[in-house]
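The sequence lines fix the lettering, A, B, ..., with proteins before strands; numbering per chain opens at 1. Heavy-atom basis, side chains included; hydrogens, waters and symmetry copies ignored.
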There are 2 protein chains.
Amino acid sequence: MAKSVSDSLNGHTLDRLMNYYHCLRNYSANEQEGVISSTQLARMLSLDDSQIRKDLAAIGVKGLCHVGFGVDQVMQTIGQVTGIAHRHPAVVIGAGRLGGALASYAGFAEYGLAVVALFDHDPAKIGLTIGGHVVQPLDQLERILKNAHVRLAILTLPADAAQQAALRLVNAGVKVLWNFSPARLNLPPAVFVRHEQLFVGLGQLFYHLHRSHSS
Amino acid sequence: MAKSVSDSLNGHTLDRLMNYYHCLRNYSANEQEGVISSTQLARMLSLDDSQIRKDLAAIGVKGLCHVGFGVDQVMQTIGQVTGIAHRHPAVVIGAGRLGGALASYAGFAEYGLAVVALFDHDPAKIGLTIGGHVVQPLDQLERILKNAHVRLAILTLPADAAQQAALRLVNAGVKVLWNFSPARLNLPPAVFVRHEQLFVGLGQLFYHLHRSHSS
DNA sequence: TAGATTGTTAATCGATTAACAATC
DNA sequence: TAGATTGTTAATCGATTAACAATC
């Protein structure tokens with residue numbers, strides 16, 4: 001069952017589609033129209049309007065000349081194509097502050113991410129309840145992943161523990177990793193890793209700080 | 001005092017420079033050589049080697065034919081150009097789990113970010129110590145920002161409180177905002193905002209989840 | 001020297017933007 | 001109809017990659 005439409009989407013397009021969706025959620029809450037033009041959406045997101053028309057055409061949304069695009073239809077289609085309309089069970093490895101924040105962030109549920117368990121190897125943390133999750137010991141990892149059919153894991157461990165944990169996750173069936181540790185992971189190429197390196201952004205922040213200073 | 005070298009760096013280049021630095025920190029800890037070739041560094045980061053030579057040339061680092069680049073010199077120059085060699089005082093607004101995580105993350109200090117205060121408007125949180133910071137009430141904002149010469153703020157408030165807080169920060173002299181709230185901020189164009197929208201990454205994560213499933 | 005590496009220019013690639021006929 | 005908007009192709013722009021002479 002090849003889903004022809006979503007097969008050709010690259011990372012940039014997916015990111016923009018997520019932004020369209022996010023933007024339209026707020027828009028549809030305020031407006032009663034039910035319709036939006038590519039120009040309007042473009043202005044809200046500081047994008048080019050033809051970019052939006054092209055992206056929507058790529059996922060098969062048809063607009064109406066003289067009118068625009070149906071907000072509901074756009075949101076539904078983006079939901080299908082990106083997968084945020086479905087429920088994706090995930091685990092968080094590392095019950096530190098960041099792990100707790102991600103495990104308890106209610107907004108994720110609205111975007112299809114369902115954290116089903118939170119793990120840590122620190123005995124002092126096991127059994128605590130953080131954001132509605134009882135912290136589990138790592139020896140429960142394989143069992144819980146299997147029971148909940150988890151194939152997505154969020155890694156918030158310190159750098160030195162990340163590689164080992166990642167391998168164990170992959171062996172337990174995880175196909176996609178969201179890595180918040182500063183460690184570069186060495187994994188089979190079939191595993192998709194999104195490396196969220198927050199410190200990288202500091203370069204741009206500092207750069208603009210100096211520019212605003214001198215100008 | 002025009003700093004000719006760093007004036008022409010764009011966002012991509014800055015991001016890569018941060019990655020080079022991060023990578024070389026680990027490298028220099030393990031290796032004794034003190035020298036690295038563009039090919040070696042490229043392999044570690046899965047980049048093109050000429051990209052690296054071009055970036056290093058852009059910041060004025062000279063390599064040695066037949067040898068490579070001096071690791072110390074590269075790191076020092078990147079530190080100067082990106083600003084991570086300096087200390088940048090910052091405040092965190094929002095003492096939730098994410099705010100606490102960012103305020104207490106020790107790794108930031110090694111990249112030039114010094115969190116000097118953590119704020120919240122919830123009276124129940126004020127006075128608590130989170131990651132070494134006593135949570136401050138918002139009415140102390142202007143005073144603390146001025147005293148510590150803060151021009152960089154990290155925003156971890158919920159969406160509905162973000163815009164108002166951002167305006168107040170800008171009025172208090174903040175020039176650069178690191179926005180972790182899902183709210184799009186409407187601010188004077190002179191203010192640089194880096195919008196860290198974590199949910200956007202979910203699109204790519206889910207997409208690869210489905211692909212790994214079908215293949 | 002021979003071989004490996006830099007520095008830099010040219011070629012390629014892909015993403016973004018502009019333009020405009022088709023449409024309602 | 002007139003005017004506004006889509007859908008799509010062409011043009012532009014910028015980033016990445018390839019190539020290779022210069023260097024030690």
Exercise. Shoot me the first and last contacting nucleotide of DNA chain C against chain A, ordered 5' to 3', at under 4.0 angstrom to non-hydrogen atoms.
Key: C/dA15 to C/dC24
Exercise. Mind checking A/Leu64 for me? I need base, sugar-phosphate or nothing, with any heavy atom below 4.0 Å counting as a touch.
Key: sugar-phosphate
Quiz prompt | B/Tyr111 six-ring centre to B/Arg25 NZ/CZ under 6.0 Å and within 45° of normal | solution = yes
Quiz prompt | Upstream residue (5' side of DNA chain D) when A/Val67 and A/Ala57 are each assigned their closest nucleotide | solution = A/Val67
Exercise. Find which nucleotide of DNA chain C each of A/Cys65 and A/Asn10 is nearest to by heavy atoms, and output the residue with the more 5' nucleotide.
Key: A/Asn10
Quiz item: Want to settle it: does A/His66 or A/Asp49 sit nearer the 5' end of DNA chain C, counting the closest nucleotide to each?
Solution: A/Asp49
Exercise. Report yes or no: do B/Asn179 and B/Glu196 form a side-chain donor-acceptor pair below 3.5 Å?
Key: no
Practice problem: Could I get the full list of side-chain contact (heavy atoms from CB on, under 4.5 Å) partners for B/Gln73, not counting sequence neighbours? | Solution: B/Val61, B/Thr77
Quiz item: Is the gap between the ring centers of B/His88 and B/His149 under 6.0 Å?
Solution: no
Self-check item: Each stem that DNA chain C is part of, given as range with range (3 or more consecutive Watson-Crick or G-U pairs, under 3.5 Å)
Solution: C:3-24 with D:3-24
Exercise. Quick one: label A/Ser37 by what it contacts on the DNA or RNA (base, sugar-phosphate, nothing), any heavy atom closer than 4.0 Å.
Key: sugar-phosphate
Quiz item: Between B/His208 and A/Val191, is there a donor-acceptor pair closer than 3.5 Å when you use the side chain of the first and the backbone of the second?
Solution: no
Exercise. Give B/Lys54 one of three labels, base, sugar-phosphate or nothing, depending on what nucleic acid heavy atoms sit under 4.0 Å from its own.
Key: base
Quiz item: Under a 4.5 Å cut-off applied to non-hydrogen side-chain atoms, are A/Arg184 and A/Gln163 in contact?
Solution: no
Practice problem: Without swapping roles, check the side chain of A/Ser37 against the backbone of A/Phe69 for a donor-acceptor pair under 3.5 Å. | Solution: no
Self-check item: Spacing of B/Leu41 atom CG and B/Tyr20 atom OH [to the nearest 0.5 Å]
Solution: 6.5 Å
